[in-house]
Chemist: 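Below is the structure I would like to discuss, written out as structure tokens.
We name chains A, B, ... by the order of the sequence lines, and we start the count at 1 in each one.
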Amino acid sequence: MSDRRSFIRKVIYFCTIAVLLLPLSWLSAPATRGGPQTPGSAGGLLARMRTEHKLSQVNLGEIDPAGEAFRLATLGLNGVAANILWEKANHYKKTEDWTSLSATLEQIAKLQPNFISVWQFQGWNLSYNVSAEFDGYRERYYWVLRGIDFLKEGVKYNEDNPRLLWDIGWFISQKIGRADESKQFRRLFKADDDFHPADRPRQLRDNWLVGKEWYRRAERAVDDKKKSLQLRGKGKSELIFYADAPMCQINYSDAIEQEGTHSEVAREAWKKGGQEWHQYGNRPLLHSSGYRFRLNDRDGYAEESKRLREQLDALAPAVREQLHADHKANLPAAEKKALATPESELTQETFQAQMRAQQLLQVSDMDVAEQIAKIAPEKKAEALRLARALIKSDQEMRNIGHYQQIVNYDYWRTRCQFEQTPAALLARAKIYQGDQAANDANLVAAKRLYDEGFRLWRKVLDNFPSIVDDSITGDDLMDLVKRYRKILEEIDEPFPQDFPLRDIIKAHDTRGEFDQLLEPESKPESATVPES
Amino acid sequence: MVIETEILPFWQWLLHGSSDRLGALPSFCIVIASLAILALLAGLLVTAFRHGPMQAGDIVYKVVRTAIGEVLAISPRRVMALAYLAVKESLGRRVWVAVVLFLVILLFASWFLGTDNRDPTKLYISFVLTATTYLVLLMALFLSAFSLPTDIKNKTIHTIVTKPVRAGEIVLGRIVGFVAVGTVMLAVMGGSSYLFVVRALNHRHDVDIFSLVDSEGAEGKTVRRGRTTLVQQHRHDLVIDQDGSGEALNSRGHWHAITPEQRGDETHFAVGPPRDMFRARVPVLGKLRFKGPKGADIAKGISVGNEWAYRSYIEGGTLAAAVWSFEGINAEAYGVDLPLELTVSIFRTHKGDIEKGVLGSVVVKNPNNPNLASVPTLFQAKEFAVNSLPIPRQLTDVEGKPLDLLNDLVHEGKVEIWVQCLETGQYFGMAQADCYLQAREGSFAVNFFKGYLGIWVQMFLVTCFGVMCSTFLSGPVAMVFTLAIIVVGFFKKFLLGVTAGTVVGGGPVEALVRLVTQQNVTSPLEAGGGVTAIKDIDAVLLIVMRGFANVLPDFRSFSTVGFVADGYDVSWNFVAQDLVAGLAYLAGLYVVGYLFLRTREVAK
């Protein structure tokens, strides 16, 4: 009886297995290649989905026999093994066992080679966290490169993954070029024969240029190979993604000038930076609301708005002014009073009232169009059409302007323009030579070189007046002015009252450090300086 | 070299212990006595239930008397005969597969390891020792846990118990046999690992001729500086003298000698094999104490907020110092110089001069007369590296008066080394094992052997536990039980932390509640009716856990992988402690195994 029950049980097991195999074969049947006579098969559902989403190993990148063997050896528990290894990696980091940490990270990556976050997280760990644990800059540089090599290894298994390619670009450009030890890192990077390919000329061994190469690879992966910037639902803004390569060229230009190159090489570098920035401005970028725009289109929209506004105002001249006057006349008493209050006498209350007044005084294009419709009904249709077009154009201009501000588009465009002028190049060269002389304790020569440099800067500012009020350039120039002041103090000379960059001091000396040095009555709005 | 638990001298370890732990022998006696009392009580209780209270005492007395007689009367001949049978059984169960598996792992190991690591020697040695440990322990587990139960199940045990052998001899014979098999396997694994490590890391460079430039060397002589070719992901800077001999300087923990080689009319430079790649430095450790910023004695230095509080820090530009006291300093033990080696951790609160290391000083002082002190020797600290600072025999004091190291600064064989950080706002981190005198260079092969000896002790313990468990449990259960002992043994520190309350999250029940209800381990358990009950149950369970944790071996403490991989000699003192601890477990488990086997019908 017992034997019979055991037999029946086995038959049931067998039948259940057979039944379960049917959906399994439907789900997991592998794809087959077709021969000359026979057509190929797309395989089961899983095989088709793998093909559709490019998830099979051959689509992702290189297949590593060591990693495959490693995964097989875990008998399907590679997730558990990765977890344990991750814990171990944390332990090794805590106990400062860097050799074991780096070996463990490689093992984790071999277990899960297509898990992009592992490469990103641990690459960052090596280049940023572990390198900072070391005191010597050479050791730090070694660990920065270990992180970069780790990411490069990730790219082997995940070809054309834009996130990893972009990260490599970031590490090479920003970590090497912006760290506290950037001066030493850049020097080591240039001399690193083992990092650079043999055919890379020495002058191109610059971290910003090499970083740019990787950013461009990331761009090609997205543009040509249609790889997604999304990773687990999180994306990278195209505005930021495409800005990095041209910014590398700009940073390169800036860096070589800081290191003493002010020749034709620097001019060409800035020129190229300007061209690449302009190309970036022409690239269609994805707006958060789903449409595409170009950063350079803002100027076009500005002109369009100006033209349309002129047309609208031409339909009924002086309507806008009249509306403004009406609004002003109808202002409540408190707001009217606040509007007449001088800036220096404003209190918090009157300031708010002044803000309200300014809002009430605004005359919109639609107000003008509606007013035109009232006084000249035959022009109503045209006026409303122009007003609607103006609203659209202004909206586009604002949207693009907002995006431009995120990447500081106008600043870098202007910077590239003025930095390549002979006056700016020479000004930078003189200031650099002045610093060198100051370092050599030749303060008299340093002062002379600084004076020449500031006179040249005056020319640059006169040619590009918009940068006087720009805070970034202003702060940079204020740093130079402060260094100049220090030199003067050391040679016991007063700060010159005819200083060429008085307007810069006026605009950017927020702490009033120069109030005592410059006589207020002699502060001109814009200094004019005789030709040197 | 990181030593988190101080290694005591053998006799102190055995008899006296340290301030926070008892000597090994008193601990052993206490555990054995406690277990004996517990066993007696349990025996009395069980016998009283089965045969009545009147006969219980008599039966227990007889059992104890017989047991003492049988346990002590071991016939080595019979034990060896049983051991021989265990060896034969092991071979029949194809234990050699573990060796083959290990060799296969070695064949493919270089796929995973690579040589681009900063310290490939450490990586390779750690790998082979760890892989051997896991494989051998697993082998010992399966072999020991299934042997007796299989014999009992197949009734083949009757072919033995019908012979004139005692139960204790069966237990001991199994242990000896399986340990013998494990020893041979370890020997094969050790030999092949040694060859693997040495051969995989051996390499030669060439001199990169195009990199050579003339430069000024020591004493104004012209030398040629350059670098070697890239091999195994690294290269060395090199210096070649006028006679063509030179040195490829230290990189990745080793260096190469360069010798001139005449080939026809041309002189070439031959770069030799790696030197100092496989090391076994014999360190003489001192006692560390700290001085605070105002020069007063303090228990520990400053914490700079590291999660790992192994090192504590002294403030630069103040009177803060780390003071090591060394003993046994004499002319016979140390030749010309006192070979001081120092590892420091650096913590900067400001960038300082990034091109240079933080400046520190070493002063040698007479412990009996602090006024007798050498002029400070300055050094630029290297982090995560050994700073070699040999102290010369002839020194001067701050006034320039000559001082003899042994005659003026050493008092009754004792000397003090004061280390200070000289830069304000920067800190040096120190631990006791960070400063030592390198007595001599030991043999790497011998040190490698000692590393395997540590694994052998672990294998020995697993075998003892496996055999002991198999005397009263079925094969699979014995295996799981022994595996649990191994796992607990590897996490003994954690377990003791849980019982002592230093690990957050509470006892086992509280931890389970937190896990299920997803509560943070650091916040108090949310108030509710069951909290008191949970705490009470945990209090009882923790007592049991503490008992278990104290009795079970700490497997990690037997491992010497860190020493061998870091290039430090494993002291014979440490090896002796491991072996004695192993023998102590053998004695205890042999008796327990005997008693359990005696209770089985088959062995009576």
Chemist: NZ of Lys382(B) to CZ of Phe134(A): how many Å apart, nearest 0.5 Å?
Modeler: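 Going from NZ on Lys382(B) over to CZ on Phe134(A), the span is 13.0 Å.
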Chemist: For the NZ atom of Lys94(A) and the OH atom of Tyr310(B), what is their distance to the nearest 0.5 Å?
Modeler: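 With rounding to 0.5 Å, NZ (Lys94(A)) is 14.0 Å from OH (Tyr310(B)).
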Chemist: Could Arg187(A) and Glu355(B) be called an ion pair, given the rule that one side-chain N must be under 4.0 Å from one carboxylate O?
Modeler: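 Here Arg187(A) pairs with Glu355(B) in a salt bridge, since their nearest N and O are under 4.0 Å apart.
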Chemist: For residues 78-93 of chain A, which residue pairs pass the salt bridge (Lys or Arg N to Asp or Glu O under 4.0 Å) check, not counting sequence neighbours?
Modeler: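 Output for this query is empty, none listed.
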Chemist: Which answer fits Leu230(B), side chain, backbone, both or neither, if we ask what part of it has an atom under 4.5 Å from a heavy atom of chain A?
Modeler: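 When you check distances to chain A, only side chain atoms of Leu230(B) fall under 4.5 Å.
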Chemist: Please check if the side chain of Lys351(B) supplies one atom and the backbone of Asp180(A) the other of a donor-acceptor pair under 3.5 Å.
Modeler: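 Yes, because the side chain of Lys351(B) sits within donor-acceptor range (under 3.5 Å) of the backbone of Asp180(A).
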Chemist: Which residues in residues 191-211 of chain A have any heavy atom closer than 4.5 Å to a heavy atom of chain B?
Modeler: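 Under the 4.5 Å heavy-atom cut-off, Asp193(A), Asp194(A) qualify.
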Chemist: Taking everything shown except Lys183(A) itself, do over 12 heavy atoms lie less than 6.0 Å from its NZ?
Modeler: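 No, not enclosed.
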Chemist: Which residues pass the ring-ring contact (aromatic ring centres under 6.0 Å, His included) test with Phe490(B), not counting sequence neighbours?
Modeler: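 Residues passing ring-ring contact (aromatic ring centres under 6.0 Å, His included) with Phe490(B): Phe555(B).
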Chemist: Distance from Glu106(A) atom CD to Leu123(B) atom CG, nearest 0.5 Å?
Modeler: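 So the CD of Glu106(A) and the CG of Leu123(B) are separated by 8.0 Å.
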Chemist: Within a strict 4.5 Å, meaning less than it, do heavy atoms of the Glu96(A) and Arg311(B) side chains meet?
Modeler: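 Of all side-chain heavy-atom pairs linking Arg311(B) with Glu96(A), at least one is under 4.5 Å.
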Chemist: Only heavy atoms, only distances under 4.5 angstrom. Which residues in residues 135-147 of chain A are near chain B?
Modeler: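 When heavy atoms of chain B are the reference, residues 135-147 of chain A contributes Asp135(A), Tyr137(A), Glu139(A), Tyr142(A), Arg146(A) within the under-4.5 Å range.
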